[in-house]
Protein chains: 2
Amino acid sequence: MGPTQEDVARRANVSRALVSLVLRDAPNVSAQSREKVLRAANELGYRPNAFARSLASKQVHTLGVLINDVTNPYFAAVYSSFATAAEAAGYDLLVAPGVRSAGKEGPLVNTLLEHRVAGLALLSPIMRTDTLREICTASPTVVIGRDVSFVENVDVVTTDERQAAKEVIAHLTDLGHTQIAHITGGANRSAHDREAAYVSTMREHQLQPLAVPGDFTEEGGKRGAAHLLRSKQRPTAVIAANDLCAVGAIGEFSRHGLSVPEEVSVVGYDDSQIAGLAMVQLTSVRQSIEQFGASALSMLIERIADPDIATRANRMPTELVVRTTTAMCQPAGANT
Amino acid sequence: MGPTQEDVARRANVSRALVSLVLRDAPNVSAQSREKVLRAANELGYRPNAFARSLASKQVHTLGVLINDVTNPYFAAVYSSFATAAEAAGYDLLVAPGVRSAGKEGPLVNTLLEHRVAGLALLSPIMRTDTLREICTASPTVVIGRDVSFVENVDVVTTDERQAAKEVIAHLTDLGHTQIAHITGGANRSAHDREAAYVSTMREHQLQPLAVPGDFTEEGGKRGAAHLLRSKQRPTAVIAANDLCAVGAIGEFSRHGLSVPEEVSVVGYDDSQIAGLAMVQLTSVRQSIEQFGASALSMLIERIADPDIATRANRMPTELVVRTTTAMCQPAGANT
DNA sequence: CTGAAAGCGCTTACAG
DNA sequence: CTGAAAGCGCTTACAG
């Protein structure tokens with residue numbers, strides 16, 4: 001298993017305790033012995049054993065991260081922002097790669113816990129609420145991307161769906177749209193939150209909401225658009241669950257001879273790479289993902305320091321990036 | 001720090017050793033005491049301490065992973081395939097999130113090593129070769145995405161660039177193209193390998209290679225295309241460093257009134273989500289990323305079992321996915 | 001500054 | 001099947 005402090009001590013002709021002191025940068029060590037120890041350690045290629053250290057000191061600087069679905073670039077970006085913040089704060093990360101399976105999340109988190117991580121960050125977990133409750137009891141926890149603020153002992157960072165919906169719908173009504181439909185992200189929690197925000201904001205505008213089922217993929221966007229094409233009252237604007245969904249909808253619309261944005265405006269969510277492509281230029285809701293990580297980490301660190309702190313929910317502001325897929329609503333007769 | 005085996009033993013009125021045996025599923029334990037122990041463990045919410053276990057048993061089932069750049073969906077996909085394989089094999093993953101900085105990779109790997117990981121997977125590391133050499137001495141290592149097969153004690157999994165270049169160029173020459181240019185991925189190792197494969201394959205076809213500088217972004221594709229538009233002998237086909245680069249090139253071409261694929265064919269690499277979009281439909285080289293992980297893991301496991309095994313390089317086959325951005329070369333005069 | 005000692009939570013023979 | 005004991009590599013007081 002490689003050299004130990006014992007080996008270093010022997011080589012440097014000093015006590016084991018001294019080695020430990022030097023290696024931890026303790027004060028009150030003569031420059032001479034410090035140097036002797038360091039040299040010996042170097043010659044031996046000594047590397048501290050993080051396990052033994054944690055065991056003895058009862059201190060850990062490893063955080064556990066559960067990712068809903070590693071393949072998804074969205075989660076990768078969220079993870080990245082968390083990882084950057086964590087590294088800056090001196091924490092190592094133990095990562096459990098989720099696979100979009102609610103049942104598997106429990107065991108994955110368990111592994112993290114067995115490694116005695118100091119705290120847990122859950123990225124858009126899809127586990128049941130009771131499982132989540134147990135976990136939050138076992139370890140300081142922060143949840144990103146799912147609003148579970150009703151659970152005790154857990155902080156959350158999410159997108160401010162209400163604000164986002166307000167901004168998108170205001171943009172569209174400013175352009176004269178009133179028939180504004182929503183293609184949903186499916187039957188999961190975050191899709192539901194987005195849809196709910198859409199519905200209530202539409203109502204605030206005295207507009208009739210129309211939500212059709214879709215999901216967070218191009219395919220879902222196609223399905224949703226097809227659905228809308230069949231509806232009696234065809235909308236003049238569509239808010240898709242995310243960019244991929246929006247792109248799918250646009251494709252389906254143009255396949256049916258409906259041009260975007262002339263005949264129908266389309267908005268996506270995420271402001272992903274795809275939205276910015278020159279050949280796409282999608283109007284999209286930008287979420288400040290980069291800030292998710294920093295916010296989550298600071299809350300987690302505070303909760304590690306004091307587990308009984310009151311729970312907090314940080315709903316991050318969004319920003320609408322207007323590109324070329326939204327335009328003035330055409331007068332009613334223009335289509336005919 | 002939560003209950004220990006000691007606590008469980010006390011509660012179940014048995015010896016500490018028995019608890020250990022039961023918890024490790026050892027044989028020769030009466031159903032009755034097993035049950036007693038399990039119940040006590042459950043009531044106490046006992047969770048084994050992975051550190052202590054590793055320390056005592058000198059066995060680890062944690063693997064370390066260094067990711068060049070977490071933000072990049074390409075690496076996320078590679079990571080994902082490795083993570084899936086590792087989980088299936090019963091390994092936990094400790095992840096070091098790289099930040100595209102050669103200098104930072106060393107320290108990150110060091111952290112991994114201090115956690116006494118059983119082995120290391122390096123995803124497209126950009127560190128210097130000597131750093132890599134040191135690391136490979138310290139721990140069983142597999143490198144994905146960078147051909148370092150000249151280093152001792154390390155296995156590698158990469159794309160078979162030669163085969164890919166052959167397939168792409170054969171496809172284009174079959175379509176009648178002879179002026180085939182390449183927009184490179186910049187001044188890094190993997191871009192260079194791709195370019196070299198392009199150049200030598202062109203030579204094998206007795207064709208004149210023309211490589212212009214770009215990078216792995218849409219912007220790089222634009223720059224490369226602009227460069228090509230200025231060249232005296234305008235190519236009829238372009239092989240871009242990756243999909244994003246290809247999309248950038250296509251945008252630049254159409255901005256200059258050159259239509260794809262009528263006047264110029266374009267091929268990308270990665271067969272990413274973008275390539276498959278209905279509005280893009282890019283011909284692209286598909287790399288079997290899903291298999292990278294499994295291949296890397298199995299080599300790593302073998303090397304953990306026997307560190308002195310001969311080094312292997314697994315160059316994964318690619319597959320050209322033909323979509324709508326490549327077409328027959330127009331007769332020379334057609335443009336005029 | 002040094003050295004001897006106890007302990008972190010667990011595993012591993014080993015004698016009963 | 002059980003119990004007492006040693007040890008994994010390190011940290012932490014504590015008396016010199």
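In the text below, chain A, chain B and the rest are named by the order of the sequence lines, each starting its count at 1.
Atom-to-atom, CD of B:E6 to C1' of D:dG3 comes out at 12 Å; the value is rounded to the nearest Å. Counting to the nearest Å, the P atom of C:dC8 and the CG atom of A:N49 are 18 Å from each other. Separating the CG atom of B:D7 from the P atom of C:dG9 is a distance of 8 Å, rounded to the nearest angstrom. Rounded to whole angstrom, the span from the CG atom of A:L18 across to the P atom of C:dG3 amounts to 8 Å.
In terms of phosphate contacts, B:K58 brings a side-chain nitrogen or oxygen within less than 4.0 Å of OP1 or OP2 of D:dG9. Note on A:S15: a side-chain N or O is less than 4.0 Å away from OP1 or OP2 of C:dG3.
A salt bridge links B:R189 to B:D193: one of the charged nitrogens lies within less than 4.0 Å of a carboxylate oxygen. Between B:R16 and B:E6 there is a salt bridge, with a side-chain nitrogen of the basic residue lying less than 4.0 Å from a carboxylate oxygen of the acidic one.
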Treat a base pair as Watson-Crick or G-U wobble with both distances under 3.5 Å, then lay out DNA chain D in dot-bracket form, 5' to 3', with | for cross-strand pairs.
|||.||||||||.|||
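Here the rule is side-chain contact (heavy atoms from CB on, under 4.5 Å) with A:V156, and of A:I144, A:D147, A:T141 only A:D147 fits it.
The line from CD of B:E290 to OG1 of B:T84 is 10.5 Å long, rounded to the nearest 0.5 Å. Taken to the nearest 0.5 Å, the CD1 atom of A:I304 stands 12.5 Å off from the CE atom of A:M299.
A:R24 and A:S20 are linked by a side-chain donor-acceptor pair at a separation below 3.5 angstrom, with hydrogens and angles left out of the test.
Applying the side-chain hydrogen bond (donor to acceptor under 3.5 Å, both in side chains) test to residues at least two apart or on different chains, the pairs with a partner in residues 295-307 of chain A are A:D155-A:R303, A:S295-A:N314, A:E302-A:R312.
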Pair B:D7-B:R10, salt bridge (Lys or Arg N to Asp or Glu O under 4.0 Å): steps then yes or no
CA-CA 5 Å; B:D7 300 321; B:R10 203 157 28 220; 2.9 Å; yes
Tell me, for nucleotides 11-16 of chain D in 5' to 3' order, what letter each nucleotide earns: B for a base near a protein heavy atom under 4.0 Å, S for only sugar-phosphate near one, - for neither?
BB----
